[in-house]
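Convention: sequence-line order gives letters A, B, ...; per-chain numbering from 1. All values derive from a computational prediction rather than experimental measurement.
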Protein chains: 2
Amino acid sequence: MLTADVTAATAVRRGVIHLGRRLRQERPAHDVTLLQLGLLAELNDHGPLTPGQLAAAQRVQPQSLTRVLATLTSRGLLARAADPGDGRRSLLAITDGGREALRRDVDARDRWLAQAMADRLTGTEQELLRLAGELMDRLSTDKP
Amino acid sequence: MLTADVTAATAVRRGVIHLGRRLRQERPAHDVTLLQLGLLAELNDHGPLTPGQLAAAQRVQPQSLTRVLATLTSRGLLARAADPGDGRRSLLAITDGGREALRRDVDARDRWLAQAMADRLTGTEQELLRLAGELMDRLSTDKP
DNA sequence: TATTGTTATACTCTATAACTATA
DNA sequence: TATAGTTATAGAGTATAACAATA
C-alpha cells in the first residue's frame, strides 16, 4: 500500500493542533506572542539572519513576517543592519532587550510545557516526546 | 528540581508549531479549513455534541466556534437540533454531506501527513510519533 | 444565581498578488 | 531577468466582554 497508517496521522494531527492551541493560550504577563517567540528564539540560537532565512526557519511566507519584524524592531527586541555584500538584504539580530524578553516572558511558555511534561508524563514518555519534537520539525520541512 | 528539561519542551514546541503550520498549508481543492476539519472529525467520531462540548474537545473557547458552526450548518455539513431536556443547549451532528466532505477533502490532509511519515520516517519513528500524538493531546487538556 | 450559548469586537496569524529595489 | 523584501489586502483563528435565555 502506498500511504502509511492514516490513524497514526490523525492522532498526530490532533495532538499537534490541540497542543498548539494550548501553548498559544499560555501567554505570560508581558506579552510576546507565539510567533514573536519563535523569531526571537531563532535569532538567539542561530545568529543574525535575513528575513528570508527567518521565514524559512519558521515555515511561513516572508510576507507574513514583515509586520512582526517591524513591531519587534520598534520595541527594541531586535536590530536590523544592512547586509554589507547585498543591498537587497538586511540582517536581523536579537538585542539584549530581546534576550531579556526571551528569558522572562517567552521561556515561561516552555516552562509551562516542561512542567506539564514533568508532572504528567513518565521519564520515558518525556524522552519520547522530545524525539517526536525533532521528527515533527523535520517533517514540517519539504526537504526529504 | 521542580521543572523538567526545558530543552525537551523547546524541541516539542518547535515541532508542534512548525508542523501545525505545515499542516495548515496542506489545504486541498474543496476547502474545509483546519478548524472545520477538527469539528467535523470530532462529531463524526463522538456522536452529537453540544457547542460547549465541542469547544472543550477542540481546546477553544465556545465563542470561537459560533461563527464556524454557523458556516458549517449553512453549508449543510452539520445539523443542529434542540436538546430535548435542556432548552439552552443544542445538539450538533455531522450530516451525510459532512461525512462526504470529511472523507474527500479533509482526509487529504491526514493523507499528506501519513505519506510524509511513510516516506521519511522508519517504522519505529512512525509508531513513536503516533504515541506522541496521544501524549500531546493529553497534555493539551488541563485535567491531570 | 448559575449555566449555555450568542453577539460584538479586536488582535494574531498567515497567505496571495502586486510592487520596489538591487543584483 | 531573477532575487529579496515590502505593501496591500483578505481570510482564518482565537480571545475577552457583554448580553440573552434557560435552569
Taking 4.0 angstrom as the limit, do [X] and [Y] come out as a salt bridge?
X: B:Arg138; Y: B:Glu134; result: no
X: A:Arg14; Y: B:Asp45; result: yes
X: A:Asp83; Y: A:Arg88; result: no

>> A side-chain contact here means heavy atoms from C-beta on lying under 4.5 Å apart; do B:Leu35 and A:Arg21 qualify?
In response: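 Yes, at least one pair of side-chain atoms sits under 4.5 Å.
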> Under a 4.5 Å cut-off applied to non-hydrogen side-chain atoms, are A:Leu139 and B:Arg22 in contact?
Replying inline: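 No, their side chains stay 4.5 Å or more apart.
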> Do the side chain of B:Arg88 and the base of C:dT3 come within less than 3.5 angstrom through a donor-acceptor pair of N or O atoms?
Replying inline: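 Yes, a donor-acceptor pair under 3.5 Å.
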> In a check of salt bridge (charged side-chain N to carboxylate O under 4.0 Å, His left out) between A:Arg13 and each of B:Asp107, B:Asp110, B:Asp137, which one passes?
Replying inline: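 Of B:Asp107, B:Asp110, B:Asp137, salt bridge (charged side-chain N to carboxylate O under 4.0 Å, His left out) with A:Arg13 is met by B:Asp110 alone.
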Send over the distance from [X] [atom1] to [N] [atom2], rounded to a whole Å.
X: B:Leu35; N: C:dT14; atom1: CG; atom2: P; answer: 14 Å
X: A:Gln25; N: D:dG13; atom1: CD; atom2: C1'; answer: 12 Å
X: B:Arg24; N: C:dC13; atom1: CZ; atom2: P; answer: 12 Å
X: B:Leu37; N: D:dG13; atom1: CG; atom2: C1'; answer: 14 Å
X: A:Leu65; N: D:dA4; atom1: CG; atom2: P; answer: 15 Å
X: B:Leu19; N: C:dT14; atom1: CG; atom2: C1'; answer: 16 Å

> Is a side-chain donor-acceptor pair under 3.5 Å present for A:Arg59 with B:Gln25?
Replying inline: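 No, because no side-chain N or O of B:Gln25 sits under 3.5 Å from a partner of the opposite role on A:Arg59.
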>> Between B:Arg80 and B:Ser90, is there a side-chain donor-acceptor contact under 3.5 Å, judged purely by atom types and distance?
In response: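 Per modelled atom types, B:Ser90 and B:Arg80 side chains form a pair under 3.5 Å.
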Would you say [X] places a side-chain N or O within less than 4.0 Å of OP1 or OP2 belonging to [N]?
X: B:Arg89; N: D:dA23; value: no
X: A:Ser90; N: D:dA4; value: no
X: B:Thr33; N: D:dG13; value: yes
X: A:Arg21; N: D:dT14; value: yes

>> Short of 4.0 Å, heavy atom to strand atom, which residues of residues 52-64 of chain A count as contacting DNA chain D?
In response: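 Output list: A:Gly52, A:Gln63.
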>> Quick check on contacts: within residues 66-87 of chain B, what sits under 4.0 Å from DNA chain D by heavy-atom distance?
In response: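 DNA chain D contact set from residues 66-87 of chain B: B:Arg67, B:Asp86, B:Gly87.
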>> With a 3.5 Å distance limit and no angle check, can you tell me whether A:Gln115 reaches the backbone of A:Trp112 through a side-chain donor-acceptor pair?
In response: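 Side chain of A:Gln115 to backbone of A:Trp112, a donor-acceptor pair under 3.5 Å: no, none is there.
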